[in-house]
Amino acid sequence: MLSKVRKLLAQAEDPACTPAEAAAFTAKATELIARYGVDRALLASRDPATDPVGDRVVEVIAPYARDKAGLLAAVADPLRCRCVRRRHGSGFAMHLFGFASDLERVDLLFTSLLVQAAHGLAGTPVPAGEQPAAFRRSWLAGFAQSIGARLRAAETAAATDPGTPGVALVLADRSDRVQRRLAEVYPRLRTPPPRRPA
């Protein structure tokens with residue numbers, strides 16, 4: 001299933017692809033990746049060794065590092081991963097926690113979405129009178145919000161499939177285990193204040 005997802009995302013990343021076509025390819029990829037996540041979760045509930053809880057650090061570099069970090073968080077959260085943002089040079093180090101299969105899903109989608117975002121920004125002219133940096137930050141925020149909503153909808157649909165009873169309990173248990181792992185590593189974690197508009 002992941003090879004199909006990679007093919008769809010590769011099509012979405014193609015610079016010759018229109019924004020509507022890229023959105024359609026990405027939407028199909030998110031449906032498949034959501035089903036894959038449920039399948040892996042059910043398999044791991046029977047054999048936990050197939051999908052252990054883990055973590056990884058993803059470096060997010062300038063330009064627009066904060067906005068790229070926001071995109072990563074928008075992808076990670078619906079896929080049942082948690083992330084902690086730490087300053088790292090001129091960018092950020094995002095410490096992700098999740099089951100191995102979910103971390104793999106996040107990595108696959110985020111890598112593709114960065115390419116799609118770069119194409120989208122390059123193909124979107126800055127409106128007259130707008131400051132380019134502020135416009136691009138706003139565009140990236142809207143892109144992240146749209147992706148997050150699409151992923152959340154796909155994950156909800158996959159989790160409520162009547163053909164796979166008991167999924168909700170399995171997924172809730174996985175989320176709890178990821179949260180416990182994060183709390184072990186960051187026992188005094190605080191939520192940052194909201195970002196001020198530019």
Side-chain angles (χ1 to χ4, degrees), residues 1-41 56-81 83 85 88-94 96 98-128 130-159 161 198:
M1 195 178 287
L2 284 187
S3 68
K4 286 183 186 173
V5 170
R6 286 189 184 95
K7 284 177 187 168
L8 286 165
L9 292 175
Q11 288 174 293
E13 292 165 24
D14 187 335
C17 202
T18 68
E21 288 168 338
F25 287 133
T26 304
K28 185 61 181 171
T30 58
E31 283 176 33
L32 290 177
I33 220 163
R35 280 208 302 267
Y36 173 79
V38 167
D39 290 346
R40 288 301 304 267
R56 69 177 58 164
V57 176
V58 177
E59 285 189 36
V60 182
I61 58 173
Y64 307 108
R66 187 181 298 267
D67 306 288
K68 292 173 186 172
L71 175 60
L72 179 53
V75 171
D77 188 58
L79 302 188
R80 293 178 295 285
C81 292
C83 51
R85 190 183 74 198
H88 183 72
S90 61
F92 295 97
M94 299 288 281
L96 270 65
F99 283 81
S101 64
D102 293 330
L103 290 169
E104 182 183 24
R105 295 191 305 149
V106 170
D107 186 50
L108 182 63
L109 274 174
F110 179 63
T111 303
S112 174
L113 291 168
L114 279 180
V115 174
Q116 293 182 49
H119 291 323
L121 278 173
T124 306
V126 178
E130 291 261 1
Q131 184 193 36
F135 173 77
R136 290 185 183 117
R137 283 196 298 271
S138 177
W139 190 96
L140 283 166
F143 181 73
Q145 190 174 26
S146 169
I147 290 297
R150 185 181 296 151
L151 282 171
R152 216 171 292 287
E155 292 291 314
T156 300
D161 182 350

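Quick caveat, the model's predicted, so the values are computed rather than measured.
- Heavy atoms only, all atoms of each residue included: Lys4 and Leu32 are closest at CB-CD1, 4.0 Å.
- The only member of Leu96, Leu71, Ile147 that meets side chain to side chain contact (heavy atoms under 4.5 Å, CB included) when paired with Phe110 is Leu71.
- Contact between Asp107 and Arg56 at its shortest, heavy atoms only, is CB-NH1, 3.5 Å.
- With sequence neighbours excluded, no residue forms a side chain to side chain donor-acceptor pair (under 3.5 Å) with Thr30.
- The two residues Phe92 and Ala69 make their nearest non-hydrogen contact at CD1-CB, 4.4 Å.
- The salt bridge (charged side-chain N to carboxylate O under 4.0 Å, His left out) contacts involving residues 14-30 comprise Lys28-Glu31, where partners must be two or more places apart or lie in separate chains.
- In terms of modelled atom types and a separation under 3.5 Å, the side chain of Thr26 and the main chain of Ala22 share a donor-acceptor contact.
- Applying the side chain to side chain donor-acceptor pair (under 3.5 Å) criterion to Tyr64, with sequence neighbours excluded, gives no partner residue.
- Ile33 and Arg105 get closest at one heavy-atom pair: O-NH1, 2.8 Å.
- For the pair Leu109 and Leu79, the minimum side-chain heavy-atom distance is below 4.5 Å.
- For Trp139 and Phe135, the distance between ring centers is not under 6.0 angstrom.
- Every pair passing salt bridge (charged side-chain N to carboxylate O under 4.0 Å, His left out) that includes a residue from residues 68-79 is listed here, sequence neighbours excluded: Asp77-Arg82, Asp77-Arg152.
- Note that OG of Ser112 and CZ of Arg6 are 11.5 Å apart. Values are rounded to the nearest 0.5 Å.
- Met1 CE to Arg35 CZ: the interatomic distance, rounded to the nearest 0.5 Å, is 5.5 Å.
- You'll find the side chain of Arg85 reaches within 4.5 Å of the side chain of Arg66, heavy atoms only.
- Across every non-hydrogen atom of Tyr36 and Glu104, the tightest pair is OH-OE1, 3.3 Å.
- Heavy-atom contacts from other residues, nucleotides or ligands closer than 6.0 Å to CD of Gln145 number 12 or fewer.
- For the atom pair CG of Leu2 and CG of Leu108, the computed distance is 6.5 Å after rounding to the nearest 0.5 Å.
- For Ser146 (side chain) and Gly142 (main-chain N/O), no donor-acceptor pair under 3.5 Å exists by modelled atom type.
- Not counting sequence neighbours, Phe25 has no partner by the ring-ring contact (aromatic ring centres under 6.0 Å, His included) test.
- Interatomic distance, Arg137 CZ to Asp67 CG, rounded to the nearest 0.5 Å: 6.5 Å.
- Between Leu103 and Cys81 there is a side-chain heavy-atom pair separated by less than 4.5 Å.
- Between Ala29 and Leu9, the shortest heavy-atom contact is CB-CD2, 3.8 Å.
- In this structure a side-chain-to-backbone donor-acceptor pair under 3.5 Å is present from His119 to Glu13.
- Every residue meeting the side chain to side chain donor-acceptor pair (under 3.5 Å) condition with Arg80, not counting sequence neighbours, appears here in chain and number order: Glu155.
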